[in-house]
Structure formats: structure tokens, C-alpha cells
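Scroll down for the structure; my scribbles are underneath it.
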There are 4 protein chains.
Amino acid sequence: MRAAFEIPPDVVALCDYERLAGARLDPMVGAWLEGGAADGLSHAANLSAWGQIALEGRLLADLRGASTALSLLGMELAHPLLLAPVAYHHLAHPGGEAETALGAAAGEAVFSFSTLASTPLAEFGAEARGPWWFQLYWQHRREDSLALIRAAEAAGAGAILLTADAAVKLRNTEARIGFRLPEGVRAVNIAGFAQAPVREQPGRSPAFLGALETAPRWQDIAWLRGATRLPLILKGVSSPRDALLAAEAGFDAIVVSNHGGRALDTLPATARLLPRIADALQGRLPILADGGIRRGSDVVKALALGATAVMIGRPQLHALSVGGARGVAHMLSILRAELEVAMAQTGCASLKAISPDLIWRD
Amino acid sequence: MRAAFEIPPDVVALCDYERLAGARLDPMVGAWLEGGAADGLSHAANLSAWGQIALEGRLLADLRGASTALSLLGMELAHPLLLAPVAYHHLAHPGGEAETALGAAAGEAVFSFSTLASTPLAEFGAEARGPWWFQLYWQHRREDSLALIRAAEAAGAGAILLTADAAVKLRNTEARIGFRLPEGVRAVNIAGFAQAPVREQPGRSPAFLGALETAPRWQDIAWLRGATRLPLILKGVSSPRDALLAAEAGFDAIVVSNHGGRALDTLPATARLLPRIADALQGRLPILADGGIRRGSDVVKALALGATAVMIGRPQLHALSVGGARGVAHMLSILRAELEVAMAQTGCASLKAISPDLIWRD
Amino acid sequence: MRAAFEIPPDVVALCDYERLAGARLDPMVGAWLEGGAADGLSHAANLSAWGQIALEGRLLADLRGASTALSLLGMELAHPLLLAPVAYHHLAHPGGEAETALGAAAGEAVFSFSTLASTPLAEFGAEARGPWWFQLYWQHRREDSLALIRAAEAAGAGAILLTADAAVKLRNTEARIGFRLPEGVRAVNIAGFAQAPVREQPGRSPAFLGALETAPRWQDIAWLRGATRLPLILKGVSSPRDALLAAEAGFDAIVVSNHGGRALDTLPATARLLPRIADALQGRLPILADGGIRRGSDVVKALALGATAVMIGRPQLHALSVGGARGVAHMLSILRAELEVAMAQTGCASLKAISPDLIWRD
Amino acid sequence: MRAAFEIPPDVVALCDYERLAGARLDPMVGAWLEGGAADGLSHAANLSAWGQIALEGRLLADLRGASTALSLLGMELAHPLLLAPVAYHHLAHPGGEAETALGAAAGEAVFSFSTLASTPLAEFGAEARGPWWFQLYWQHRREDSLALIRAAEAAGAGAILLTADAAVKLRNTEARIGFRLPEGVRAVNIAGFAQAPVREQPGRSPAFLGALETAPRWQDIAWLRGATRLPLILKGVSSPRDALLAAEAGFDAIVVSNHGGRALDTLPATARLLPRIADALQGRLPILADGGIRRGSDVVKALALGATAVMIGRPQLHALSVGGARGVAHMLSILRAELEVAMAQTGCASLKAISPDLIWRD
């Protein structure tokens, strides 16, 4: 463990945490965390797309009693900033997921605990002080998926977030540097689970074997829906058609996401995905969104384009690696203050006041 | 005070003053002056947007007796170039606001005196030789705002310019460098005024407290309108809807502006704001505009897009830091000559001849 | 011959082979291989255009039994990745065309043998283990073209690919470096053929003399069609009108191509050519396409825009120069796995499922 | 005078001459030649706009007997490449205008002799071997303009080209470097002519005085039309409205031009000007065009967009400075061969076959 996780005084925005994390993290960890799929085009587009959207500013609005509060899936939240699931927090801090969750609780943000977390679920649940969700990767055997759900329920998870967009992946950045988990960091909660058998067949390559044969399908969702009373959220939606299928399949919410540009490269930026998906759903489900949100004005835009709340991915590990739990809480407080400033400058005293009209159209 | 404020012979355009100021100004002052809000996207867009608009050139027009003169709020002006309000001129020159105003008078340009000026209002008024306006930041107590207005009236201000877009702000560039005013430079005219009390409340961050609780609202404008006989101008309009509200509230003019990219980042560039706002107003109020104007052709475009006159912000401090009053006058003469050349090359013998037809449409 | 053609462990994508080939190839060979026509704008556009197209991702699709197989011109192919004709493989490897074809066979890909190959046709055919096509450049004398066709038939070619877009060319990159074939590498299969005589005429420059007087015309195609029973494919189509003429002239397929940006500079990128040409053809002929395909997602896009299969040009020589036959096979396996991943992430279990709907439209 | 004007073997395109000229020319001359008005945006746009237009390639067309010949203003020309007027050729070569004209004659191109030429008209005419036009800048006194016309007629000029877009100008690049003509180079043909008197008036700057008071107006054109029987061409048209006025005023042709980006900055690129102006004229006058043409494909595009012929400006001085008359002839032969190649690759056997259909539209 390093001697100190202190926040330098020139950290005033999320990009400052990213800059400092680049110097602090092991290069192999940096390649894993920052890399996108293939050429990184969706990751870059996520980041640039928000800035290319212009907002209409408003003056002299009545902002007395303004608030960022919202209700989401039965929870009363102080603000619409949630932490997205990220694997292996021990790669960024010796306190791992518990350290991040401590910062999230201080910042009044929902935490997401990954199937690939490096902390045992029960141990995490015993210490967790704020609300948290469990992110599920579908396992080869249904009993293993069920075991994860039961463990998450027992540990106090408030919802199940099914990530369905990463059954196969292509991470050149990781592969080139030869990324391997360091000693002592692993996905402890699925350590003993069976993997899909790989059957070589003539004329078929490994990518279509193994994982795909046991990957979840829409017809499996009824079982999942029946397996828990917790709210079910589908993460990784990048199609209006899938958003409608999610509503029909009984999900309680979706997360519009291209997996931070780590799934299929050249999926559209989240800012492009949102309007068409929101238009298809017509309010049938709450929409969360992640991907490149680094500023309070990005949050206003996501909400104006149809999101109810947003999730923050890489910045939580940037802040964690620099300042531990205090870094995570500080990162959230920066983004929250920026959101409030952006609401004030667009004349919005509540999240409900953030309407599509705020997006500037020439 | 430096030995000499001389204008080098290779200063032939406003960008030359900017280049030289970058070397002359204290880095902390440079960070304060050049920085935009957040990532500086609106500031950069202000600068690039004018150049992306193309003009239709005209040949063999009759330009005898051509003139840049105009009437504005009852004033007869030689040209449509005004100086925008900028705080703390003493940061750029020991003569402060008086030095700049001397150059403005020589260049026949209206000067704007900021609430955050570093010179006492009465002292400034006693020396001022050309027309000037007073820029008002709304104060926590109405009596303080009124005191400022009365002092400005007494000192000879020709109009009151209410800046309403900066109640909360987010200047990462200043924050990272730890900007502080040097010894001897401060906002002398509001030195004794009360600040808004900060009341901490659970679940609400400072941004929504304090300033916002006492920020001006449309319903306060009637009082302001009744408080002075001077023309009232609303600065910082970046919404067609607010432009109409300004007309209804009794303002005599508006300034279309994103505060030089220093208010909410990703507000549209001024060149994008103008057409929609002019279209909404339909001539009900004169429109001024600022933001990124560095060339005479930019001025022609602003007028073609609906402005009556333009305001020049940062370049006045660039020129002031390099050449004092003579620099300011020279900067104005460059821009004025460029405006005349651009009018000649678009076949316009008067400002009224500058019509939307001059904008090239493919 | 170099001591070893080994594939470094950090080669995980086609761009890695390109990077390594840049260091391995003789600079003169590199200028010949990488250069485009004139300013290289079409070559650059080929490469960037695929990445600018966004795909719609799909979740939870049923991908059991997924396959990349297709039928093309009576052949059953394992995947839609073919090798495009490239001249002089001995410039990249001492094994020449035979070495590349060995890798192609291992990768289950059709090979294309160029008129400008540096290996005798009969010698190549005797060793070839997988299917291959013969690429024909029209010769000055019909009997020479016919001799090439007969030799290709005798050697076992499965189709004749007529390249019709390079009768005259403009390769500044080659010309500046003074490209010459090294000792021992030449177009052995046309070594004794007659060239077009150059007749100087007043007021006409060489470009319009010589080659153009004997260049093939649509009216010559009937003879070609009658000269062989092999499938005939027209390569170099960059016009919807020519695609229709090709169907009428009796071609069995076309290759939409701007010759890798080596023919006329500023021909549109292949990704722009495809939709209009597919729309004109309305399925009358199978469409192949080449130009800038470097990722499996590019292949999905080409098929979504109307192609039946794609051809890979420069990357085969990059891989050949680095790893010989194993490099070529590895390059193909990378692209094939990426294709499968992209199909999985867009919910396509077969090539026929790849429809225009996959292209994201805002 | 330098020992040798030799053409290096790696000069294969116009950009190669530009590169070499940058090293050969005096920096002050380089600043004068390469600089555009103000920020150089129109100059840069001229250069980039041609490359952004895509062409439709055609295959297997019948190109026997192809030709680039045309008729223009009663002249039979071998190709549509003319040299634009450029001042002071002695700045690039001790042979001055005569040296360039020698290369033009060798390249079968019409030469343009500038009012600001550094060679006496009579001396030039006595040696000129090919067709040439006289470019006229309107003089302060009509008798001086008439004297120039008479001298040009006597010297053998084939047309009068009135440049009307540069009465006032703004060349920051020249001004910053303090450009002055070297000893022995001057505008010898107007050396004794009267200049417009400058009358200072209160409230009016020099730009609107002097030149503008005596600048030519549409009503002066009748006099000019009556003053010579030579064809009259108006150069500098960047407005569809002015193109129509030119036809009504009796001009025989126009040159669509933004003066190589040296007049009003942010005039549209020539490639953008052409379609609207050609559409307005509907064939009433032949259209010439200059600005950024560096490739044969640019010429095809200009003709497809409505031009009858094109003019080449800066490249003639680049080639002159490198290779003298031989350089100019070589530069023309490069461009001509490129034009022929581009015609072949778009299936055009004559200039008349170059139609708007060749421009690719998605």
C-alpha cells in the first residue's frame, strides 16, 4: 500500500484525476482501464460527442429551492450520478471495492458491484454503508448465475444489473501489452464456476464456439425475471429494438451503453444512442446511460436526451487510484456541483425541468 | 510600472496583440484572462465560428461617401465597435480602466466600466473623455445595487448594462493555477458590500445555496427599470426566449453573448446564437454581440446575422498590456479599417446595407 | 533470404502487421506498396470511411450454430474474406505468390494471382493447394490476353478477374523515390508480350496515346466472354452506371474498388461507392469490394451496404513480409475472428442476417 | 542571377515545385507570394476544397482520338490551362515575364501580363511567341487606363482582363515581414501615373478614402467596353449577382476567383463559388476559374462544375523560380498529363464530355 492517497490542490475536474491516474497506475493496469475495443473509436466518440452538443442558456430564472433529487426504481436519490460496474477495484487501490463504495456513500451515489469484483460479496455486503447494485455476467451454468444472485440478495444488493453486451470481446490494447491480473487480484466470486467447453469444429473459429453457445438469449430472461424480486436492469443497450424487447421481457430499466467503447468498436457514442432509444421507449422504462460523461453539462445533456440518470465508469477508478475513498467522494462532489451550475445556467430548478428544448438546434 | 508600452512594427492584426500579451502578462493573469469555462469549448467555438462563415464578395459597387456610422440608443457613433466590460484593468496596465478609456476615446469607441473595475467610479468619471456605460452585477442587497447605479449616474455613465449570466461559474483554468488578485488590485466599488450568507443544508451543495438564493429574477427587473432613467441593456442572452422576455421586461437592448465562453461551457458560439435570436426578436430591440470577434469580416458577419453593433472583450486587455492607451486606440483602428475593407469588398457603403444576403449559402 | 519470418507476440490486429512491414520492407518497396495515386486522398478515405460508419449493436440474440459460410460463383466458402490481386509478391518474401497462396489455403481464403505476378503461372498452379483466381490486365494484342487466359485455365484458376481501372496511372510516391523492380523480380508471365506503340502527334500528350488506343472497351467484352468458360469478374467498378453495363456485358460479378486509392485520386471511398452501386444493381450480380478493410466490423459494414464478400489487398503483403505463409494465415484468422465477434455483437448468426438495418442512422 | 535553373528528378507534381520554391525564394518574396488575406482562410479553402469533391470513375469507355482541345473567345486552344496574371515575375527569375511567357508558349498555354508586371509592355510584346492577355487594374485617371489598353493592343494582347476585386486589401503576412520590392523590380508600366489623393476627413478612416473614391463602378464599364475591340474579361467574380451584371455590362467572359485568397478573407473557395455562379449564368458567358488548382482532377472538377477553362496562379512562379521557362513548360505538361489521365479515368474523350454527372453525390 502506498504511503498516502492525497488529493493535490490542482484537481478541480474529472480530467485532472484521469491525468494523475495515468502517472500512478501500473502501465499494464492503465492499458486495461483506458483501452477501448479495437481502434478505440467508440471510446473516443463517447468522450467527444457530449462536447459537440450545444445547450441553450437561460437567464434570470427562479432557482430558489432548486434540487437535483430524483426517484429511481423506488429509491430516493440526492442526485442522478451512479457509479457504473467496473471489475477488479484492487487494481487501483488496496482497499478495492469497499474503498470505492465508502467514497460513493459519502457522495450519496449508488455503487455497482461487478461479477468480476476482486472482493467477496459477503464481505463487501457486511461493510457497505450506502445503496449498491449487483452487476451480473451470465454464467455457463444457470445454477451459478442463481448462486450469484442469491449471494447478492443476501449481501444487500438493491438491484440486479445484467450486462449483456460483452460475451465476446476484442481488446487490442490489453492484448498488445499482455495484460495479466497481478498476484492476489482475481474474480473471487466466480472462482470455482465452470467455463463453457470449447469444441473445435472444422470451418468454425473459436469466437463462435464456447461463450456463444451458452450466452444468454431473450428466451432466458423469463427465468431470470422469476429468479429474483429485485429490480432487474439491462445494461449495454445500443439498439432501439432491444430497448423495446427489454420492456417486454420484464426489465425494470435499461442502461444505454456501448460498454465504455469496450464492446463492439464503432457502436455510436452514447450521446447519439440516447435520442433514438428514448424515442422508441416513449417512457415505458427509466433509462440510465454511461459513456464519456465527464462534466455536469454532459449530465444535463444526457437527461435532456432522455436519460433519467447517468453512470460514471473509468473516473471512479481514476479518483480511487489518486485519493482512495476521499478521491471518489471528491470526484462525485465535483460532478455534482458542475451539474448544479449547469442547471442554474440553463434555468432548471429540478431534474424534471431538463427538457429536450435545452439542446440547441440551429 | 514598466519602462515602455510601445507597439512593435509587426503588430498588424488583433492576433498580434494577443501573441504579445501572452509574453507580457503574468502567467496567473494570463490564465485568468484567456481561460474559458470548463474545457474552453465555447471560447474556442467563438473564435472559429466566424471564420467558418463565408461571405459573398461584390465588385464595382458605388462606394462614394461610404460610412460606418450608426445611431444606437440615442447616441451617434462613428462605428459599431464597442468595448465590452472586463474586470480589473489594473491587471494589464498600471493606468487601469482610465488608460483603456483614454484609448477608447481616441478610437471613438464606447467604453464599458465593470462592477469589478479596479478604479473608483467617481475617480474614473472625473477623467473620462468619451462615452461609457456601467456594467452591473446584481448585488445581494438591493440598496447596494442601487448605490452602484446612482454612483454610475453621477459619474456620467450613458447606460446600465446588466450582466445576468454569471451568478455561478466554473473556471478550471483559474482554479488550477490558484488565481488570486495581486496586492493593490481589487473591486473597489463593491468592497464594503454584503455577500450572500451560505446556509448549509443536508442534500444540497453550495452551488445551489448562497448566490442562487439572491440571484436576480425576471420579476426583479421592474424594480431595476424603475430605478434609473438610463438605457438598460441585458448582457449574456443566449436564448431566443430570453430575448423576447428582455423586450417585455423593458430592456432597451440586449447583448447576445456566452460571456466569452466563461459562463456555461458548450453554449453555442455567438455566430450560431445570433440568427435564431434575431429571428425571434424581429427588430423589437437592438442587438449587440460579443465573442471571438477579431477581424473586420467578423463584424460584417455579425451585422449580417442581425447585430447592430459588436463588443470587443479580451483584445482590449491584450492591446492595453502591450501599448497602453495607444495600443487600445491602435487595436480599434485596425479593426475599423478591416471593417471598412470588408464593407468595400462586399459592396456595402453603409452598415444598413449589410444584409443577410451577404452570407454565402451553397 | 532473411533468417526468420516470425510473428511477434504483440501482433493482434492488421495494423500491427502494417507497422512491422514498414520497418521490414525496403523503402522503395514500401513507397510502391503504400502509395496511393496523386495526393493519396482516396487511399486515406478508404481507411477512414469504414470507421466513420456506426453499427447498431444487438443483445441476447440466438447465435447457436452461427456461421460465416457463403456460396459465391458456385464455390462454397468458409468466410467472405478473399485476397485481392497484388503484383510482385517476391518484393515482400522470397517465396513470392506461392508463399502467400500457402497462407491463403491455410486460412481458407481464395487467392488472386496477378498478371503482374513474379511467379510463372504453370509453376504456381502446380503447387497451389487452395482455390485461386487469375487477375487479367488486358494486353495490347488479343492473342496475348488469350494466352494468359489459357495458361490460367491450364494452371487451375477458378475465375478470371478483369482489372479495368488502371490503363493510365499517376503514382507520385513511386516516381519521387524512383521505384524500380530489383534484380530478379519481374512480371514473368507477360515478359515477351508486345507493348502499345507510342505515336507522337502534335497537340496530344503521351497519356492519350499508347495505352489508351488499345485499352479495352465495352464492345471488346463479348470476345472476352466468349473466350473462357470460367466465371468473369470485373474489378475496379466505381460507378453505378458501369455496374449495370457489367451485368449487361455478361460479367458474373463485379468488384467495387478504387484500386486501393491507386487509380484516380478522389474517387470516393469504397464505403461510399457501395450503397449507390448496390442500389443500382438490385441484386443482379454478386458484389465484391476492396479498399481499406482492416477490421471485422468493416466487413460487416461492407456486407450491410450490399457486398457479398470482400477482398484484402495490402495487408496480405504486410503479413507476408513479416511472417511468410504463417503470417498470411494468421492475418486471415485475426480478421475472421473479428468478423465473428462483430456478427455476434450485432446479433447476426449468418452472413444473410447482415442487413442495411445494422447501419446506425441518427 | 543563380548559376542554374535545373529541374530535380523528384519533381513530379505541382506541389514539388511549391516545396522547392519555398527554399529558393527570398523569405520576403515567399511571404508576398504565398500569403493570403488576413488569416489565409480562403487560400487554405481553395486548396482543400477540390480534394473534398469526389469523382465518379468510368471503365471501358471508348477513348480513341481523345482530345483536350477547346475554343475560347475565338481562340483554338490545345487545352484549358491558362496562366493567371501575377505581378512582378522578376521576383522569381531574372528573365521576368518574358521567361514565364516562353515556358507558357512551349506549353501551349495563354499567358496573362499584369498591370503590375516588372517588364515594359512594348518590350514584352516584341518577344512574345504565344498568345497573351493583358490584365488591367483600373487607374486613378481614365487616360492612364486607356494608355495601358492602347499599349497592350499595340504589343499584341489578345484580350483585356479587368481585375476588379482588389481596390483595397489586407495582407498581414506581407505587412508583418515588411515586404518591399527589391532594387530594380517595379511596376514599370504605371510608374508615372497619378495616384488617388488622400483627403483626411473627420470620422472617416483612410480605407474609405482615396482608392475607393476613384474605384471603378458598373457605370464605368460602358466606357471601357467602348475603349477597345479586344475581348473583355472580368476577373474576381465571387457573386452570382455580379456574374449576371457582367453579362449585361458587355463582358465577354468572367473569371470566378477570390484572387487566390488574397482579396477578402473568408470568401468561399472557388470550388464552392462555381456551381452557384454557373447556375445563375446559364451559359450566357464562358466561365474561367482560378484558385487552388494543383491537379488534373481539379481541372476536371472545375469543368464539371461549370468552368470552360482554368487559370493557374502561384504554381507558375514556383516553377519559374526553380526551372525558368523550362520549369513553367514542365509544370504545364504535368498538369496537362494529369488532366488527360483524369479524363481517361472518368471516361471523357473531350472536354465537352465533362458533365456535372461526374461529381459524386451520395
Side-chain angles (χ1 to χ4, degrees), chain A residues 37-39 41-42 45 138 162-178 202-209 211-221 234-242 245-246 249 254 257-259 263-269 272-273 275-276, chain C residues 8-16 19 47-48 50-69 76-79 107-108 294-298 300-301 332-350 357-362:
Chain A
D39 298 308
L41 300 175
S42 289
W138 198 271
L162 175 69
T163 301
D165 63 358
V168 282
K169 50 193 164 180
L170 183 70
R171 303 264 175 80
N172 291 168
T173 313
E174 290 175 33
R176 280 193 197 102
I177 206 169
R204 300 181 71 190
S205 76
F208 265 136
L209 298 169
L212 288 190
E213 295 298 316
T214 57
R217 304 173 193 103
W218 285 110
Q219 51 266 49
D220 297 313
I221 301 303
L234 181 62
K235 182 165 186 293
V237 177
S238 66
S239 159
R241 295 178 281 180
D242 281 348
L245 291 174
I254 62 169
S257 171
N258 55 33
H259 209 117
L264 173 62
D265 202 19
T266 70
L267 288 182
R272 292 177 67 192
L273 290 171
R276 278 190 56 203
Chain C
D10 64 347
V11 172
V12 299
L14 270 60
C15 56
D16 296 316
R19 171 174 46 84
L47 289 164
S48 62
W50 297 113
Q52 288 161 8
I53 296 171
L55 289 170
E56 180 172 326
R58 299 303 303 272
L59 302 178
L60 299 169
D62 191 345
L63 296 164
R64 285 171 297 186
S67 158
T68 60
E76 298 304 315
L77 303 179
H79 57 72
E108 300 183 84
R294 298 292 183 270
R295 291 285 183 185
S297 52
D298 301 344
V300 167
K301 292 168 188 176
L332 284 163
S333 76
I334 289 172
L335 201 55
R336 185 175 176 180
E338 287 185 359
L339 167 62
E340 297 185 5
V341 170
M343 288 172 65
Q345 288 170 325
T346 53
C348 296
S350 70
D357 290 351
L358 291 185
I359 306 293
W360 182 268
R361 321 247 176 225
D362 288 307

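Protein chains get the first letters and strands the later ones, always in sequence-line order, with residue 1 at the start of each.
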**Prompt:** So which part of Ala342(C) gets closer than 4.5 Å to some heavy atom of chain A, the side chain, the backbone, both or neither?
**Reply:**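 Backbone plus side chain of Ala342(C), per the 4.5 Å heavy-atom cut-off to chain A.
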**Item:** Residue Ile53(C) versus chain A: region with a heavy atom under 4.5 Å
**Value:** backbone
Of all the heavy-atom pairs spanning [X] and [Y], show the shortest one and how long it is.
X	Y	result
Ala263(A)	Gln345(C)	C-NE2, 3.6 Å
Asp362(C)	Arg272(A)	OD2-NH2, 2.7 Å
Ala13(C)	Arg176(A)	CB-NH2, 3.9 Å

**Asked** Do you know which of Ile221(A), Leu162(A), Ile177(A), Asp242(A) has the most heavy-atom pairs with chain C at a distance under 4.5 angstrom?
**Response**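 The answer is Asp242(A).
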**Item:** Heavy-atom pair count under 4.5 Å with chain C, highest-scoring of Ala175(A), Ala45(A), Ala37(A), Ala38(A)
**Value:**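 With the most close heavy-atom pairs to chain C, the winner is Ala38(A).
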**Request:** Apply the test side chain to side chain contact (heavy atoms under 4.5 Å, CB included) to residues Arg241(A) and Asp357(C): give CA-CA distance (whole Å), side-chain angles for both, the deciding distance (0.1 Å), then the verdict.
**Result:** CA-CA 11 Å; Arg241(A) 295 178 281 180; Asp357(C) 290 351; 3.9 Å; yes
Given a strict heavy-atom distance threshold of 4.5 Å, which part of [X] is in contact with chain C: side chain, backbone, both, or neither?
X	answer
Leu170(A)	side chain
Leu41(A)	side chain
Arg276(A)	side chain
Pro240(A)	both

**Message:** Holding to salt bridge (charged side-chain N to carboxylate O under 4.0 Å, His left out), I want the full list of residues that pass it with Asp39(A), two or more places apart in sequence or in another chain.
**Reply:** Arg295(C)
Atom [atom1] in [X], atom [atom2] in [Y]: separation rounded to 0.5 Å?
X	Y	atom1	atom2	result
Leu267(A)	Thr346(C)	CG	OG1	9.0 Å
Asn172(A)	Glu338(C)	CG	CD	6.5 Å
Trp218(A)	Asp62(C)	CH2	CG	13.0 Å
Leu55(C)	Ser238(A)	CG	OG	9.5 Å

**Asked** After noting the C-alpha distance and the side-chain angles of Trp360(C) and Thr266(A), does the key distance pass the side chain to side chain contact (heavy atoms under 4.5 Å, CB included) rule?
**Response** CA-CA 10 Å; Trp360(C) 182 268; Thr266(A) 70; over 6 Å; no
**Asked** Can you check side chain to side chain contact (heavy atoms under 4.5 Å, CB included) on Leu264(A) and Val341(C), steps first, answer last?
**Response** CA-CA 8 Å; Leu264(A) 173 62; Val341(C) 170; 5.6 Å; no
**Request:** Would you please test Leu245(A) and Leu60(C) for side chain to side chain contact (heavy atoms under 4.5 Å, CB included) and show each step?
**Result:** CA-CA 10 Å; Leu245(A) 291 174; Leu60(C) 299 169; over 6 Å; no
**Set of residues satisfying ring-ring contact (aromatic ring centres under 6.0 Å, His included) with respect to Trp138(A), sequence neighbours excluded** = Trp223(A)
